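None of the values given here were measured: they were computed from a predicted structure.
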Amino acid sequence: MARRYALAIGISTYKSLTRLATPSADAEAIAQLLEAHGDFQEVKRLPESWNVQKQHYQVGSEALKGDSIWDALEDFLLTQAKHSDALIYFSGHGIAVESRSGKHRGYLASSDCEVLIASGKVVEQKFGIDLEDFAALIQKSQVSSLVVLLDCCHAGAMIENPAIQQFLSAFNQKDYCMIAACRAGEPAFEGRQHSFFTAALLQGLSPDRADKQGQITGDRLFEFIRQELRQSGQEPIRSIAILNDS
């Protein structure tokens, strides 16, 4: 069995964007579930905060700059998870920048992200993580398999963008599963304790939903999330490629 590594990112604090209530709790809940039931060698948290009482790292509420996110993604995909199974979870703001031609480009917002708004639309950003760059990094990696779970507004840009699909098509010699909380042009909503998407994700990944082999397939997980989010105002989407074992 391949070694497994996970990276859970939850960003609640922003310099220029609205503070979010649930990302830190979302990412920490996912990290704890993976540690308890996912057979992972290590689950890395960002931002990382030391809990003195529990003597354990947890997802903190500190600011997380774009450079720090990118460095962590590079180290995780290119070094730590090389030739291993990898999982990346992100909860926070997502933004879509609209060009003059009306095309949209998706970004994961960092704490230091700055946006320029004109006529009610985001037309420029600084310091966020370009989803096309993220996809190019995935293509460059040598992970054995990859799961990406994006819980942010406009998360579907990771899947619906034709340029990103080209990167993923070059990655198709490996298993991957990408699930986005909403379509490229949609918001993703927070609940009281967790976001709508992560609340469904936590239920879908619970051990009692595993099959007789203790596995939860990407198809089964996505279908559960899709049913849970019906009439929520956001539509999750997926991109899954599973190679035959033969």
Pairs satisfying salt bridge (charged side-chain N to carboxylate O under 4.0 Å, His left out), at least one member in residues 213-233, at least two apart:
Asp219-Arg238, Glu223-Arg226

Any carboxylate oxygen within less than 4.0 angstrom of a Lys/Arg side-chain nitrogen, looking at Arg4 and Asp39?
no

Where do Ile237 and Gly156 come nearest, in terms of heavy atoms and distance?
CD1-CA, 3.7 Å

Sort and list the pairs that fulfil ring-ring contact (aromatic ring centres under 6.0 Å, His included) and have at least one residue in residues 18-50, not counting sequence neighbours.
Trp50-Tyr57

Taking all atoms of both residues into account, what is the closest heavy-atom pair of Ile138 and Met158, and its distance?
CD1-CE, 3.7 Å

Hey, any chance Met178 and Phe222 share a hydrophobic cluster, counting ILVMFWY side chains that come within less than 4.5 Å of each other, even indirectly?
no

Once salt bridge (Lys or Arg N to Asp or Glu O under 4.0 Å) is applied, do any residues pair with Glu48, and if so which ones, sequence neighbours excluded?
Lys44

Give me the atom names and distance for the closest heavy-atom approach of Cys152 to Gly94.
CB-N, 3.6 Å

For Ala25, give me all partners under side chain to side chain contact (heavy atoms under 4.5 Å, CB included), at least two apart in sequence or on another chain.
His194

Can you pull out every ring-ring contact (aromatic ring centres under 6.0 Å, His included) where at least one residue sits in residues 91-150? Sequence neighbours excluded, please.
Tyr14-His93

Can you tell me how far SG of Cys113 sits from CG of Leu108, rounded to the nearest 0.5 angstrom?
10.0 Å

Do Leu201 and Leu20 sit in one hydrophobic cluster, given that two such residues count as connected whenever their side-chain heavy atoms are within less than 4.5 Å of each other, even indirectly?
no

Could you go through Ile179 and Phe197, starting from their C-alpha distance and side-chain angles, then the distance that decides it, and tell me whether this counts as side chain to side chain contact (heavy atoms under 4.5 Å, CB included)?
CA-CA 10 Å; Ile179 302 180; Phe197 174 79; 3.8 Å; yes

With the 4.5 Å side-chain cut-off for hydrophobic clustering, are Val143 and Leu87 part of the same group?
no

List for me each residue that meets side chain to side chain contact (heavy atoms under 4.5 Å, CB included) alongside Lys82, sequence neighbours excluded, and say none if there are none.
Gln142

Can you name the nearest heavy-atom pair linking Pro187 to Cys153, along with the distance?
CA-SG, 3.6 Å

Salt bridge (Lys or Arg N to Asp or Glu O under 4.0 Å) partners of Glu190, counting only residues at least two apart
none

Taking all atoms of both residues into account, what is the closest heavy-atom pair of Ser141 and Leu78, and its distance?
CA-CD2, 3.8 Å

Do Ser144 and Ser84 have side-chain atoms, one donor and one acceptor, less than 3.5 Å apart?
no

Out of curiosity, does Leu33 fall in the hydrophobic cluster containing Phe196 (side-chain heavy atoms, cut-off under 4.5 Å, transitive links)?
yes

Which residues end up grouped with Val59 if you chain together Ile, Leu, Val, Met, Phe, Trp and Tyr wherever their side-chain heavy atoms are less than 4.5 Å apart?
none

Flag, side chain of Glu124 to backbone of Ile117, donor-acceptor distance under 3.5 Å
no

If Ile, Leu, Val, Met, Phe, Trp and Tyr residues are connected whenever their side-chain heavy atoms lie under 4.5 Å apart, and connections chain through other members, are Ile159 and Leu221 in the same group?
no

State whether a side-chain donor-acceptor pair under 3.5 Å links Ser145 with Asp175.
no

Sorted by chain and residue number, the side chain to side chain contact (heavy atoms under 4.5 Å, CB included) partners of Ser16 (sequence neighbours excluded) come out as Glu114

Show your reasoning for whether side chain to side chain donor-acceptor pair (under 3.5 Å) applies to Arg19 and Ser12.
CA-CA 6 Å; Arg19 180 180 175 85; Ser12 299; 5.3 Å; no

Listing, residues 60-76 side-chain donor-acceptor contacts under 3.5 Å, not counting sequence neighbours, or none:
none

Under 3.5 Å: donor-acceptor pair, side chain of Ser232, backbone of Gln234
yes

Quick check: closest heavy atoms across Gly106 and Ala157, and the distance to 0.1 Å?
CA-CB, 4.0 Å

Side chain to side chain donor-acceptor pair (under 3.5 Å) contacts in which one or both residues fall within residues 147-160, not counting sequence neighbours
Asp151-Ser195, Asp151-Thr198, Glu160-Arg183

Checking Gln125 side chain against Val97 main chain: does a donor-acceptor pair fall under 3.5 Å?
no

Sorted by chain and number, sequence neighbours left out, ring pair (Phe, Tyr, Trp, His ring centres under 6.0 Å) with Phe224 holds for none

